[in-house]
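Below you'll find the structure, written out as structure tokens, and then a few comments.
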Amino acid sequence: MRGDRLRDVLSFAVLAGFTSMLAGTSKSKSTSPEPAPSAAALPAETSMTVEKMATQPDVSLAAVSVLARCATEKTHPACRLLKDFEAAPTYTETAATVLWFGESIGIGGAGDTTKEPLFVTLELSPSGLAGAARVLLYDDAAERKDGDALLAAVKQGKTIPTSKAAKLMRTAPPANGPLKLAKTKGRSLAFVETPPKVYVRKSGDRLLVLEYDPDSSLAHDSRSLSAKAWIAEAWLVR
């Protein structure tokens, strides 16, 4: 497995070195006979701070909805999630460490309607909530089968203890460490980076993740396939 926009290198069997966040993926299979998956990591935190985040506007759902053509065509697979995101309350977490796994959908651009596996790791400490949102890409049919089986299970509130994808997601450290999350002026939490571009809310048993930067497209996969925005729904990996 490999990952992008959030992208780095890791073997299913042996942790390997990571490359920089949002950079292209390179990998080596010399440390393991198994196909090497990788996890993608969010851009490194720069000048934005938790205190400054409180003054930042929430993500523009109206702008993203226009990209998805929700008011006219109403057939884009992201429109349902955008409505769910709009209605969702602020995310809160009480567990020390949690893992969410789901699927991200591209909105606009070359990656429009593209679906990619996405996982989010969150850690709660005395200094607040931090984590990473990363995309998982599969190198072969066996890896895809493993990931697809886990996704089907978590949607039903179940898990697969032997899943290699689950093991990877639990143990893969973000390239530059976890990023802090802080509340915007709206209901979303956002990863603390400059500019803010990854927003989180929770709807029922799902974590909703919306990526949007009005000034740039966002690449995810190994082909650098970019979209104007991405929205994901993810379920708890137990």
Side-chain angles (χ1 to χ4, degrees), residues 1 3 6 8 10 12 15 18 21 37-45 48-51 53-54 58-59 81 84-104 116-136 146-147 149-184 186-193 196-211 230-238:
M1 290 181 187
L6 318 171
D8 293 298
L10 187 70
F12 254 155
L15 295 183
F18 280 95
M21 294 178 179
S38 68
L42 286 166
E45 181 178 347
M48 182 62 68
T49 65
V50 170
E51 292 74 22
M53 188 64 76
D58 209 332
V59 61
L81 295 181
D84 291 348
F85 192 96
E86 183 177 19
T90 301
Y91 176 84
T92 57
E93 184 54 66
T94 57
T97 304
V98 291
L99 168 64
W100 300 85
F101 181 45
E103 200 167 49
S104 186
E116 301 205 345
L118 178 137
F119 68 101
V120 181
T121 50
L122 296 174
E123 305 170 3
L124 185 63
S125 70
S127 62
L129 189 64
R134 290 172 278 178
V135 169
L136 201 62
D146 180 85
L150 179 65
L151 181 58
V154 298
K155 286 182 178 181
Q156 301 177 45
K158 302 176 182 178
T159 191
I160 301 177
T162 58
S163 170
K164 293 180 179 179
K167 180 179 180 181
L168 164 67
M169 293 185 289
R170 290 188 188 283
T171 58
N176 296 319
L179 294 180
K180 294 178 181 178
L181 284 93
K183 191 174 181 295
T184 66
R187 292 200 303 272
S188 297
L189 297 184
F191 284 93
V192 180
E193 55 183 326
K197 60 177 70 71
V198 183
Y199 302 83
V200 175
R201 295 186 187 181
K202 186 180 178 186
S203 177
D205 63 350
R206 296 171 301 151
L207 184 73
L208 301 177
V209 182
L210 178 56
E211 300 171 65
W230 298 81
I231 189 165
E233 58 181 340
W235 292 262
L236 192 65
V237 181
R238 304 178 189 279

If you compare all heavy atoms of [X] against all heavy atoms of [Y], which two are closest, and at what distance to 0.1 Å?
X	Y	value
Ala166	Leu99	O-CD2, 4.3 Å
Ile160	Ala153	CG1-CB, 4.0 Å
Ala132	Phe191	N-CE2, 3.7 Å
Leu208	Ala88	CD1-CB, 4.3 Å
Pro117	Phe101	CB-CE1, 3.9 Å
Ala182	Val50	CB-CG1, 3.8 Å

Measure the spacing between [atom1] of [X] and [atom2] of [Y] and express it to the nearest 0.5 Å.
X	Y	atom1	atom2	value
Thr162	Lys164	OG1	NZ	9.5 Å
Glu103	Lys155	CD	NZ	6.0 Å
Arg170	Ser163	CZ	OG	9.5 Å
Asp84	Leu210	CG	CG	12.0 Å

Does any part of the side chain of [Y], heavy atoms only, come nearer than 4.5 Å to the side chain of [X], both counted from C-beta?
X	Y	value
Phe119	Leu168	no
Val198	Val209	yes
Leu118	Trp100	no
Leu179	Val192	no
Tyr91	Leu129	yes

Those residues that, when tested against [X], pass side-chain hydrogen bond (donor to acceptor under 3.5 Å, both in side chains) (two or more places apart):
X	answer
Ser188	Asp58, Arg201
Ser125	Ser127
Thr184	none

Problem - Residues in side-chain contact (heavy atoms from CB on, under 4.5 Å) contact with Ala95, at least two apart in sequence or another chain - result: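 By the side-chain contact (heavy atoms from CB on, under 4.5 Å) rule, Ala95 matches Glu93, Val98.
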
Handout entry: Any residue meeting side-chain contact (heavy atoms from CB on, under 4.5 Å) with Ala130, in chain and number order, not counting sequence neighbours
Key =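 Residues passing side-chain contact (heavy atoms from CB on, under 4.5 Å) with Ala130: Pro178.
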
In a table with atom names and distances, give each donor-acceptor pair under 3.5 Å that connects a side chain of residues 231-238 to protein atoms at least two apart or in another chain.
residue, atom, partner, partner atom, Å
Glu233, OE1, Arg206, NH1, 2.9
Glu233, OE2, Arg80, NH2, 2.8
Arg238, NE, Gly157, O, 3.4

Exercise for the section: Answer yes or no: is there a donor N or O on one side and an acceptor on the other, between the side chain of Thr90 and the main chain of Arg187, under 3.5 Å? Expected result: yes

Problem - N/O donor-acceptor pair under 3.5 Å between Lys202 side chain and Asp205 backbone - result: no

Handout entry: Greater than 12 external heavy atoms within 6.0 Å of Glu86's CD
Key =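 12 or below, so no.
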
Exercise for the section: Starting from the C-alpha separation in whole Å, work towards a yes-or-no answer on side chain to side chain contact (heavy atoms under 4.5 Å, CB included) for Val120 and Val200. Expected result: CA-CA 10 Å; Val120 181; Val200 175; 5.8 Å; no

